[in-house]
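A quick note: this is a predicted structure, and the numbers were derived from the prediction, not measured. We count residues from 1, following the sequence as given. Atoms within each ligand, like the ligands themselves, are counted from 1 in listed order.
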Amino acid sequence: MNLFAPESRRRLLLKPGKERVIANRHPWIFAGAIANESGNADAAVADLVDKDGNVLASGFYSQPSQIRLRALTFGEEALTEELFRARINAAFARRTFEHGNAGRLVSSEGDDLSGLVIDLYDDLAVVEIANRGLELVREIIVDALRTRGVRLIYFKNDLPARKLEQLSMIDETLGDGAATATIVENGLRFVVEPAGGQKTGFFLDQRENRQLTRGLSRGRRVLNLFSYTGAFGVCAAAGGAAHVDNVDVSAGAIEMAKRNHALNGVEATFTVADAFSFLRHTFHQGTDRWDLIICDPPAFAKSHNDVNRAARGYKDINLYALRLLNPGGMLMTFSCSGHLSSDLFQKIVFSAALDSGRRASFVRRLTAAPDHPVSLFAPEGEYLKGFLIQTRV
Ligand code: SAH
């Protein structure tokens with residue numbers, strides 16, 4: 001059955017008075033804007049219609065989700081299988097790989113493909129599907145990747161949203177060989193293993209910030225907090241750092257970090273520790289200081305309700321990091337919590353600077369690499385924000 005055929009679609013009637021919902025062309029249509037539903041209950045695709053039957057928007061349908069429809073088209077533009085394929089191929093075509101052989105091929109709303117993320121690691125593609133409608137048209141995604149010459153497709157099925165959507169949480173692979181790749185990024189090499197790793201296996205979004213680190217590291221003592229597989233550490237060492245320390249709470253991540261440093265012929269130290277305790281302990285011992293500290297923690301705010309608690313976490317970690325900088329030292333600090341605004345993050349870092357007794361200025365505002373575009377129509381997709389801060393001598 002053609003999942004895009006008009007007769008296999010769900011039909012969602014817009015609630016009178018909710019016309020505003022589609023005026024801004026935001027792709028998420030919530031259950032609260034829908035008066036009633038009819039047609040195929042197992043549909044992958046649904047049309048949002050007005051009381052006269054005019055199609056207002058079409059997209060992927062998700063019965064279990066509050067986001068009932070992820071719109072791909074609005075008004076006159078017909079949603080067909082060809083259009084969906086063309087969207088995927090257009091996203092692929094927008095990417096350039098001048099920095100190496102890894103990058104984000106599809107960035108959800110940023111590529112007008114709400115709920116779909118595809119990262120490419122050499123000939124291994126890692127796919128994250130966040131909703132049921134997309135899951136049902138998976139074959140089209142597979143087809144597009146195969147046409148692009150991908151060897152192995154790894155479905156990373158651990159997104160919390162999948163549980164709500166009653167989708168399988170077990171990863172799957174399609175294709176030949178092991179689900180691992182060695183990528184090259186700006187001449188440096190990293191092993192990526194999506195199974196069991198964070199996100200799709202590597203933080204492609206930090207590519208430009210890693211390059212920046214490389215350029216700032218010469219002769220400096222660098223501390224890489226929340227080092228994961230050591231990518232910032234490798235860049236600092238390759239950039240001529242006097243010394244690099246990597247700290248992560250996960251022993252497995254630290255093992256990978258050691259491997260990645262060895263792969264590039266660079267040296268560093270590695271500590272399995274809670275970053276908060278590590279900083280506090282070092283501060284009270286008064287032994288170590290650094291010239292550049294990278295602080296890239298996991299998202300402390302997983303939901304809107306976590307924002308206050310997360311803010312205290314960010315304040316604490318940034319306060320201690322600032323205290324441990326040598327005079328004139330720099331802090332590269334990030335938050336990847338989508339629920340915490342850039343504005344609030346700036347206030348938190350300001351408050352940490354105030355309490356640390358250090359004067360400091362922004363040297364740069366930092367964001368995700370350009371293969372992670374954010375839709376102007378769904379700005380909440382902008383999760384990563386960071387500051388490069390320099391303290392006074
Ligand atoms: N900066 C990394 C990505 C960080 S991902 C990069 O560019 O590749 C977040 C990392 O923080 C994970 O590796 C996780 O193990 C680690 N982590 C989570 N909580 C931590 C804590 N309290 N102390 C130290 N590391 C922690």
Side-chain angles (χ1 to χ4, degrees), residues 99-100 102-104 119 121 126 156 158 181 183 185-186 188-214 216-217 222-239 244-261 263-264 268-282 292-302 306 309-310 312-321 324 331-338 366-369 372 383-388:
H99 51 264
R104 178 151 293 190
D119 285 343
Y121 299 113
V126 184
K156 183 100 197 221
D158 63 353
I183 63 161
E185 180 187 279
N186 293 311
L188 298 174
R189 296 200 296 155
F190 303 95
V191 175
V192 179
E193 286 177 356
Q198 304 277 331
K199 302 228 278 189
T200 63
F202 195 71
F203 286 75
L204 291 167
D205 53 355
Q206 293 285 24
R207 182 188 312 115
E208 294 192 333
N209 303 322
R210 278 192 283 275
Q211 267 300 80
L212 184 60
T213 298
R214 197 169 169 181
L216 291 170
S217 293
V222 180
L223 172 62
N224 181 19
L225 292 170
F226 306 95
S227 60
Y228 185 45
T229 56
F232 274 106
V234 167
C235 288
V244 178
D245 292 298
N246 292 284
V247 177
D248 198 286
V249 77
S250 153
I254 286 289
E255 277 314 304
M256 285 279 282
K258 286 182 182 167
R259 215 164 129 190
N260 282 328
H261 280 72
L263 194 61
N264 292 283
T269 65
F270 304 88
T271 308
V272 178
D274 167 60
F276 292 86
S277 320
F278 175 88
L279 289 187
R280 266 205 196 83
H281 180 75
T282 312
L292 172 62
I293 298 180
I294 294 131
C295 182
D296 180 28
F300 291 154
K302 302 262 191 258
D306 291 342
R309 195 181 46 80
R312 285 195 293 278
Y314 287 115
K315 161 88 186 277
D316 203 40
I317 201 86
N318 282 288
L319 169 61
Y320 277 90
L324 285 165
L331 171 65
M332 191 186 284
T333 185
F334 297 97
S335 162
C336 61
S337 300
L366 308 170
T367 185
H372 294 60
Y383 59 95
L384 182 68
K385 49 258 175 203
F387 301 117
L388 177 64

Exercise. For Asp296, is at least one N or O under 3.5 Å away from an N or O on ligand 1?
Worked result: yes
Problem set entry | Interfacing atoms of ligand 1 (cut-off 4.0 Å, heavy-atom, Ser250) | 15 (O)
For this session: For Ala273, counting its heavy atoms only, list the atoms of ligand 1 lying under 4.0 Å from any of them.
Result: 23 (N), 24 (C)
For this session: Apply the side chain to side chain contact (heavy atoms under 4.5 Å, CB included) test between Thr271 and each candidate in Val247, Asn246, Leu223, Val249; give the one that qualifies.
Result: Val247
For this session: Locate the shortest heavy-atom distance separating Ala231 from Arg210; write the atom from each residue and the value.
Result: CB-CD, 3.6 Å
Exercise. Which ligand 1 atoms are under 4.0 Å away from a heavy-atom of Phe232?
Worked result: 1 (N), 7 (O)
For this session: Could you list the atoms of ligand 1 found under 4.0 angstrom from a heavy atom of Asp274?
Result: 21 (C), 22 (N), 23 (N)
Exercise. With atoms numbered from 1 as shown, which atoms in ligand 1 lie under 4.0 angstrom from a non-hydrogen atom of Ala275?
Worked result: 21 (C), 23 (N), 24 (C)
For this session: In sequence, state the C-alpha distance, the side-chain angles, and the governing distance for Lys199 and Asp119, and then conclude on side-chain contact (heavy atoms from CB on, under 4.5 Å).
Result: CA-CA 10 Å; Lys199 302 228 278 189; Asp119 285 343; over 6 Å; no
For this session: Pick, from Asn209, Asp248, Leu225, the option with the minimum heavy-atom distance to atom 13 (O) of ligand 1.
Result: Asp248
Exercise. Do Thr229 and Glu193 have side-chain heavy atoms sitting under 4.5 Å apart?
Worked result: no
For this session: Show your reasoning for whether side-chain contact (heavy atoms from CB on, under 4.5 Å) applies to Leu366 and Glu208.
Result: CA-CA 9 Å; Leu366 308 170; Glu208 294 192 333; over 6 Å; no
Exercise. Between the side chains of Tyr121 and Thr200, is a donor N or O closer than 3.5 angstrom to an acceptor N or O?
Worked result: yes
Exercise. Hey, is ligand 1 close enough to Val249 that some N/O pair sits below 3.5 Å?
Worked result: yes
Exercise. Strictly by modelled atom types, are Tyr314 and Ser335 linked by a side-chain donor-acceptor pair under 3.5 Å?
Worked result: yes
Problem set entry | Interfacing atoms of ligand 1 (cut-off 4.0 Å, heavy-atom, Tyr228) | 2 (C), 3 (C), 4 (C), 8 (O), 13 (O)
Exercise. So, does Gly230 sit close enough to ligand 1 that a heavy atom of it is under 4.0 Å from the ligand?
Worked result: no
Exercise. How far is atom 18 (C) of ligand 1 from its nearest protein heavy atom, and which residue and atom is that?
Worked result: Pro298 CG, 3.5 Å
For this session: Using the six-membered ring wherever Trp is involved, compare the ring planes of Phe300 and Phe226 and label them parallel, tilted or perpendicular (cut-offs 30° and 60°).
Result: perpendicular
Exercise. Which residue holds the protein heavy atom closest to atom 5 (S) of ligand 1, what is that atom called, and what is the gap in Å?
Worked result: Phe203 CZ, 3.4 Å
Exercise. Would you say Phe226 has any N or O atom under 3.5 Å from an N or O of ligand 1, going by distance alone?
Worked result: yes
Exercise. With a cut-off of under 6.0 Å to the ring centre and 45° to the axis, is Arg280 in cation-pi contact with Tyr320?
Worked result: yes
